[in-house]
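Structure, as structure tokens:
Position 1 is the first residue of the sequence, and the numbers go up from there. These values consider heavy atoms only, across backbone and side chains, with no hydrogens, waters or symmetry-generated copies. Whatever order the structure lists ligands and atoms in, that order sets their numbers, starting from 1.
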Amino acid sequence: MNELKEILIFFNEMGAEFLHVPEKNPRADLAELNRSILQCRQCRLHESKTHYVPGEGSLQPDIFFIGEGPGQTEDQFGRPFIGNAGQLLDKIIDKMGYRREDVFIGNVVKCRPPNNREPLADEVEACLPFLHRQIELLAPKVIVCLGRVALNKLLGTNHSMGRIRGQLLSFNNIPLIPTYHPSFILHKKAREEISQTKREVWQDMQKVLAIIAKQRQ
Ligand code: URA
């Protein structure tokens, strides 16, 4: 197939008028992908959701933040990370020197699991191809997995976030840094624990920034 494509491109470059080699158009492909997400009926979650939450942001992002799945507020408005956890994520993004619209924010599953339960294996299996395609089309410089579920569902692993956070991993040759989910910080009660977890997330985000800076050199 690739060979055929190369031959067609060669003839096209030689000026052959009988050939039309379509340009790659990630924007159109992403729009089509969004349409597929908004029509998906592959698992039970589409029955209980209010809105699909496909994800949003820059179509050429430096960073793709990936969470677990929409919560109540996200389900209500069809947008990712706009509740309490989202407000904390916005602050992190801001501190990194980005605006929310400069990055892409999405989730492993695009419909809210009832009562915010963890997505089930068959729901993840049904939804994961959408995330894979988003990553392929967006081609971010770095992926940040927010929390254990996002990381392990994307990589098919069983890491503990306490041990793996901040380590440089990769998905399809794209650098990937796992860090705590913002909700993990919000659920902490003790002041010192909150500060410690925030410090660790910030350390992880500095690694993300260093990877991006290195790619720019
Ligand atoms: N938590 C997530 O994992 N994703 C969202 O979109 C909101 C909260």
Could you pull out every N or O of ligand 1 that sits under 3.5 Å from a protein N or O, with the distance for each pair?
{"from": "ligand 1", "atom 1": "1 (N)", "to": "His181", "atom 2": "NE2", "distance (Å)": "3.2"}
{"from": "ligand 1", "atom 1": "3 (O)", "to": "Glu68", "atom 2": "N", "distance (Å)": "2.8"}
{"from": "ligand 1", "atom 1": "3 (O)", "to": "Gly69", "atom 2": "N", "distance (Å)": "3.4"}
{"from": "ligand 1", "atom 1": "3 (O)", "to": "Gly69", "atom 2": "O", "distance (Å)": "3.4"}
{"from": "ligand 1", "atom 1": "3 (O)", "to": "Asn107", "atom 2": "OD1", "distance (Å)": "3.4"}
{"from": "ligand 1", "atom 1": "3 (O)", "to": "His181", "atom 2": "NE2", "distance (Å)": "2.9"}
{"from": "ligand 1", "atom 1": "4 (N)", "to": "Gly69", "atom 2": "O", "distance (Å)": "3.0"}
{"from": "ligand 1", "atom 1": "4 (N)", "to": "Asn107", "atom 2": "OD1", "distance (Å)": "2.7"}
{"from": "ligand 1", "atom 1": "6 (O)", "to": "Phe81", "atom 2": "N", "distance (Å)": "3.0"}
{"from": "ligand 1", "atom 1": "6 (O)", "to": "Asn107", "atom 2": "ND2", "distance (Å)": "2.9"}

Met96 and Trp202, any side-chain heavy atoms less than 4.5 Å apart | yes

ring-ring contact (aromatic ring centres under 6.0 Å, His included) contacts touching residues 138-174 (sequence neighbours left out) | His132-Phe171

Leu151 CG to Arg165 CZ distance, which is reported to the nearest 0.5 Å = 13.0 Å

Candidate list Lys188, Arg199, Lys198, test salt bridge (charged side-chain N to carboxylate O under 4.0 Å, His left out), partner Glu193, passing option | Lys188

Does a sphere of radius 6.0 Å around CD in Gln167 hold more than 12 heavy atoms from other residues, nucleotides or ligands, not counting ones at 6.0 Å or beyond?
-> yes

Say you draw a straight line from CD of Glu56 to CZ of Phe81; how long is it, rounded to the nearest 0.5 Å?
-> 11.5 Å

